[in-house]
Amino acid sequence: MRAGSALAEARRIPGLAGSATVEPDWAPVAKRIRDEATDDWNDKVAVDRFTGKGGIFVRGTATITGPGQVRVGDQEFVASRGLVVATGLMIGCAPGADYRARPRVTSIDPEIGAVGLTEQQARDAGLDVRVGHVPLSSTSRGFIHGPGNEGFIKVVVDHGRGVVVGATTAGPAGGEMIGALSVAVHAEVPIATLSSAIWAYPTFHRGIGQALASVA
């Protein structure tokens with residue numbers, strides 16, 4: 001249980017929750033972790049223990065090449081008694097995170113989600129920008145939701161490439177709606193493909209289809 005959750009639960013019980021001031025001395029803790037857990041940041045102890053049990057230890061950048069298979073440099077390894085666990089890349093995947101499609105959510109009322117470029121950022125980047133927008137209240141789920149359905153879905157499109165480069169959602173499920181649009185920005189899904197998608201009914205994210213249809 002997280003510390004915050006534990007405190008919240010404690011406050012529900014009269015007389016249990018209290019307050020205290022602690023001045024921790026982290027130096028002994030840090031020294032113990034350095035000396036005992038990490039052998040002064042040298043992994044020799046851990047490596048010796050691993051290889052002593054029959055494990056094969058190889059340093060380098062690994063690529064998972066198949067079930068139980070991994071390649072490190074020009075060497076291929078196959079697990080005989082267990083799965084190969086490696087820090088590396090699946091074949092065909094780009095390295096690192098794609099920060100073009102970094103989603104963010106602001107937990108206010110209404111909740112706001114966003115991904116990729118804003119309309120202004122896209123214009124400043126010299127893109128041929130088209131924008132689609134739909135008020136959440138005009139969607140089927142917005143109508144069913146009734147009071148408190150204020151919000152919108154906005155998509156920013158690079159008309160030249162025919163892909164969504166950014167989006168903003170606001171409303172009762174603003175943070176949830178941005179999920180599908182994050183995938184669209186990350187994978188550069190063509191607008192034609194997104195427009196032909198069947199969106200679940202009745203959901204707030206179904207409004208994404210309406211926003212795409214309004215792109216102009």
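Values reported hereafter were calculated over all heavy atoms of this structure, with side chains retained and with hydrogens, waters and symmetry mates removed.
Contact detail for L117 and V156: the closest heavy-atom pair is O-CG2, 4.1 Å. Contact between V129 and A122 at its shortest, heavy atoms only, is CG2-CB, 3.6 Å. Scanning all heavy atoms of the two residues, the minimum distance from I178 to A167 falls at CD1-O, 3.9 Å. Shortest non-hydrogen contact noted between G166 and V185 is N-CG2, 4.0 Å. Residues A184 and L194 approach most closely at CB-CD1, 3.8 Å, considering heavy atoms.
Remark: L127 CG to D158 CG distance equals 4.5 Å, nearest 0.5 Å. Residue S182 holds its OG atom at 9.0 Å from CZ of R104, rounded to the nearest 0.5 Å. Put simply, NE2 on H133 and OG on S138 are 9.0 Å apart, with the number rounded to the nearest 0.5 Å. The distance from atom CG of N149 to atom CZ of F143, rounded to the nearest 0.5 Å, is 10.0 Å. Once rounded to the nearest 0.5 Å, the distance linking OG of S140 with OH of Y201 reads 4.5 Å.
Side chain of E111 to backbone of G175: a donor-acceptor contact under 3.5 angstrom is found. In this structure a side-chain-to-backbone donor-acceptor pair under 3.5 Å is present from Q121 to T118.
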Give the intermediate values and the outcome of side-chain contact (heavy atoms from CB on, under 4.5 Å) for residues T139 and V134.
CA-CA 8 Å; T139 65; V134 61; 4.2 Å; yes
Does the pair V215 and I191 meet the rule for a side-chain contact (heavy atoms from CB on, under 4.5 Å), with working shown?
CA-CA 10 Å; V215 171; I191 293 294; 5.6 Å; no
Does L136 form a side-chain contact (heavy atoms from CB on, under 4.5 Å) with E150? I'd like the steps, not just the answer.
CA-CA 6 Å; L136 211 58; E150 295 83 3; over 6 Å; no
Take M177 and R206 through the side-chain contact (heavy atoms from CB on, under 4.5 Å) test and state the conclusion after the steps.
CA-CA 9 Å; M177 290 187 289; R206 188 171 184 268; over 6 Å; no
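Residues V183 and V155 do not share a hydrophobic cluster, defined by chaining ILVMFWY side chains whose heavy atoms lie under 4.5 Å apart. Under a hydrophobic clustering in which Ile, Leu, Val, Met, Phe, Trp and Tyr are joined whenever their side-chain heavy atoms come within less than 4.5 Å, directly or via other members, V131 and V115 fall into different clusters.
Considering V105, I112, L181 as possible partners of T169, the one that fulfils the side chain to side chain contact (heavy atoms under 4.5 Å, CB included) test is L181. Here the rule is side chain to side chain contact (heavy atoms under 4.5 Å, CB included) with I153, and of T168, I208, L212 only I208 fits it.
With respect to E119 and R130, no salt bridge is recorded, no charged nitrogen being found less than 4.0 Å from a carboxylate O.
Judged by a 6.0 Å distance limit and a 45° cone about the ring axis, R141 is positioned over the six-membered ring of F204.
With a 6.0 Å radius and a threshold of 12 heavy atoms from other residues, nucleotides or ligands, E176 has its CD atom at or below the threshold. For CD1 of I198, the number of neighbouring non-hydrogen atoms (other residues, nucleotides, ligands) closer than 6.0 Å is 12 at most.
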